[in-house]
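First, the structure itself, so that you have it in front of you.
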Amino acid sequence: MSRSPFESKRTRKRSRRLIADFVSPDDCDFEPYIQQPRTPKSSPSVRRSARSIAQKHALASPSKSVAAVGRKLRNILSLPKAYLWCCYEWFYSDIDQSIFGGEGDFRLYLKEAFPTLQTRKLTRCQWAQIRRLMGKPRRCSALFFEEERHALEKQRAKIRLLQRREVSEMDWNHFKDIPQEIPSPLILGTAVTAWLHSKKHARLYTGRIEAVDLAKGQYHINFLQPGIGSCWVADIDVMSCTLQELLPISSFFQHPRRGLSWSSNISSLPPPV
């Protein structure tokens with residue numbers, strides 16, 4: 001069968017493998033393809049044994065791994081924004097731990113609106129109906145943040161009122177919007193971590209409480225770091241170094257506090273700022 005004169009000649013695609021079989025390397029401008037031997041893949045048992053060996057080495061020298069983590073953490077905390085983010089994320093005063101660590105608004109709404117609801121396994125339509133009854137708040141708006149701050153300050157004021165033992169059992173209904181367990185006020189000599197907001201010392205520092213002013217919600221702290229001294233710090237910026245026991249609200253009603261053992265120390269200290 002004859003080829004048409006207008007039909008182009010079929011050319012072979014240049015391949016390094018084909019040319020390497022028929023052409024010597026001296027006649028080529030490029031190196032011939034040489035297939036490299038494949039490395040055998042390790043079996044799952046070999047990988048598991050290698051992983052176990054690495055874990056044994058890590059357990060054998062925990063100080064090295066801890067030191068490496070400490071260096072990375074120190075490098076991160078040296079950045080001002082990262083340090084400030086860690087403070088806002090994990091620093092909670094004793095008076096705020098009971099507020100933020102309790103149940104959220106959605107759980108409280110379920111208890112008030114549906115007290116007989118004994119299950120949490122509802123369909124999506126049922127959950128959507130409950131959220132529709134709650135309303136749609138405008139989150140991340142100026143009004144929303146203002147209302148949240150106002151509600152937070154109101155709860156803090158009620159907790160301070162209970163800590164001063166100035167509430168009778170007749171006012172029980174006014175304290176339903178706060179957690180049912182709150183901490184007692186910190187006593188003298190307690191080791192604490194305080195957050196100072198001054199321009200010169202805007203960091204977290206450790207110290208011990210020298211005096212307590214429950215009327216103004218402040219602690220006079222003597223700091224351990226040199227050059228800081230002692231000063232009054234608000235209770236929302238003071239966190240105890242040890243875990244404080246939470247007491248039910250009923251205990252603050254039943255046992256009124258007649259006097260404070262540290263009231264005499266307040267007169268000898270500088271007035272709160």
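Below, each value reflects all heavy atoms present in this structure, side chains not excepted, and no hydrogens, waters or symmetry copies.
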**Report entry** Beyond-backbone contact of F114 with I130, side-chain heavy atoms, under 4.5 angstrom
**Finding:** yes
**Report entry** hydrophobic_cluster_shared for Y88 and L77, side chain cutoff 4.5 Å
**Finding:**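 In one cluster: yes.
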Query raised in the report: Less than 4.5 Å apart, any side-chain heavy atom of F252 and any of F175?
Result: no
Report task. Answer with yes or no whether the side chains of H197 and D237 bring together a donor and an acceptor at under 3.5 Å. Result -> yes
**Report entry** Stepwise side-chain contact (heavy atoms from CB on, under 4.5 Å) check, I221 with S230
**Finding:** CA-CA 5 Å; I221 302 175; S230 59; over 6 Å; no
Report summary line: Between L188 and E210 the two heavy atoms that sit nearest each other are CD2-O, 3.1 Å
Query raised in the report: Should the heavy atoms of other residues, nucleotides or ligands under 6.0 Å from CG of L133 be counted, would the total exceed 12?
Result: yes
**Report entry** Side-chain donor/acceptor of R208 to backbone N/O of G189, under 3.5 Å
**Finding:** yes
Query raised in the report: Under a 4.5 Å side-chain heavy-atom rule over Ile, Leu, Val, Met, Phe, Trp and Tyr, are L161 and I95 clustered together?
Result: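 Yes; tracing contacts between hydrophobic side chains, which count when under 4.5 Å, links both residues.
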Query raised in the report: Any side-chain heavy atom of C231 within less than 4.5 Å of one from L196?
Result: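 Yes, side chains in contact.
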Query raised in the report: Does a side-chain heavy-atom distance below 4.5 Å link K81 with W85?
Result: no
Query raised in the report: Within a strict 4.5 Å, meaning less than it, do heavy atoms of the C87 and Y83 side chains meet?
Result: yes
Query raised in the report: Quick one: does D94's side chain get under 4.5 Å of M239's, heavy atoms only?
Result: yes
Query raised in the report: Is there a side-chain contact between I178 and L162, using heavy atoms and a 4.5 Å cut-off?
Result: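 The answer is yes; the side chains approach within 4.5 Å.
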Query raised in the report: Rounded to the nearest 0.5 Å, how far apart are CD1 of I209 and OG1 of T190?
Result: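 Atom-to-atom, I209:CD1 and T190:OG1 are 4.5 Å apart.
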Query - Close side-chain approach of V238 to S93, heavy-atom, < 4.5 Å - result: no
**Report entry** Under 3.5 Å: donor-acceptor pair, side chain of Y219, backbone of D213
**Finding:** no
Query raised in the report: Could you state the interatomic distance from CG (L247) to OG (S184), rounded to the nearest 0.5 Å?
Result: 4.0 Å
**Report entry** Closest contact, heavy atoms only, P183 versus Q163
**Finding:**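 That would be O-NE2, 3.0 Å.
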Query raised in the report: Any idea how Y92 and F100 line up, ring-wise: parallel (<30°), tilted (30 to 60°), or perpendicular (>60°)?
Result: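 Because their plane-to-plane angle lies in the 30° to 60° range, the rings of Y92 and F100 count as tilted.
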Query raised in the report: Rounded to the nearest 0.5 Å, how far does CD1 of I236 lie from CG of D96?
Result: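 Rounded to the nearest 0.5 Å, the CG-CD1 separation comes out at 7.0 Å.
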Requested in this report: Kindly determine whether W195 and F91 satisfy ring-ring contact (aromatic ring centres under 6.0 Å, His included), including the steps that lead there.
Outcome: CA-CA 9 Å; W195 189 357; F91 181 85; 5.8 Å; yes
**Report entry** Heavy-atom pair of closest approach, residues C241 and T193
**Finding:** SG-OG1, 3.6 Å
Report task. Might you point out which heavy atoms bring A194 and F223 nearest each other, and give the distance in Å? Result -> CB-CE2, 3.7 Å
Query raised in the report: So, are E146 and R149 salt-bridged, with charged N and O less than 4.0 Å apart?
Result: no
Query raised in the report: So which heavy atom on V192 is nearest to which on S240, and how close?
Result: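 Smallest interatomic distance, heavy atoms only, reads CG1-CA, 4.1 Å.
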Query raised in the report: With a 3.5 Å cut-off and no angle check, do the side chains of R132 and Q129 form a donor-acceptor pair?
Result: yes
Query raised in the report: When rounded to the nearest 0.5 angstrom, what distance separates OG in S198 from CZ in R203?
Result: 12.0 Å
Query - Flag for N75-S78: side-chain donor and acceptor within less than 3.5 Å - result: no
**Report entry** Neighbour count >12 (heavy atoms, 6.0 Å) for atom CD, E89
**Finding:**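 For E89, atom CD is crowded (more than 12 foreign heavy atoms under 6.0 Å).
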**Report entry** Minimum heavy-atom distance S98-I159, with the two atoms named
**Finding:** OG-CD1, 3.9 Å
Query raised in the report: Between atom CD of Q155 and atom CD of E153, what is the distance when rounded to the nearest 0.5 Å?
Result: 10.0 Å
Query - Salt bridge present between K158 and D177 (N-O < 4.0 angstrom) - result: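 Yes.
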Query raised in the report: Is it true that L73 and L84 fall in one hydrophobic cluster, defined by side-chain heavy atoms closer than 4.5 Å?
Result: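 Result: yes, single cluster for both.
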Query raised in the report: If you measure from CD on E245 to CD on E181, what distance do you get to the nearest 0.5 Å?
Result: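 Interatomic distance, E245 CD to E181 CD, rounded to 0.5 Å: 9.0 Å.
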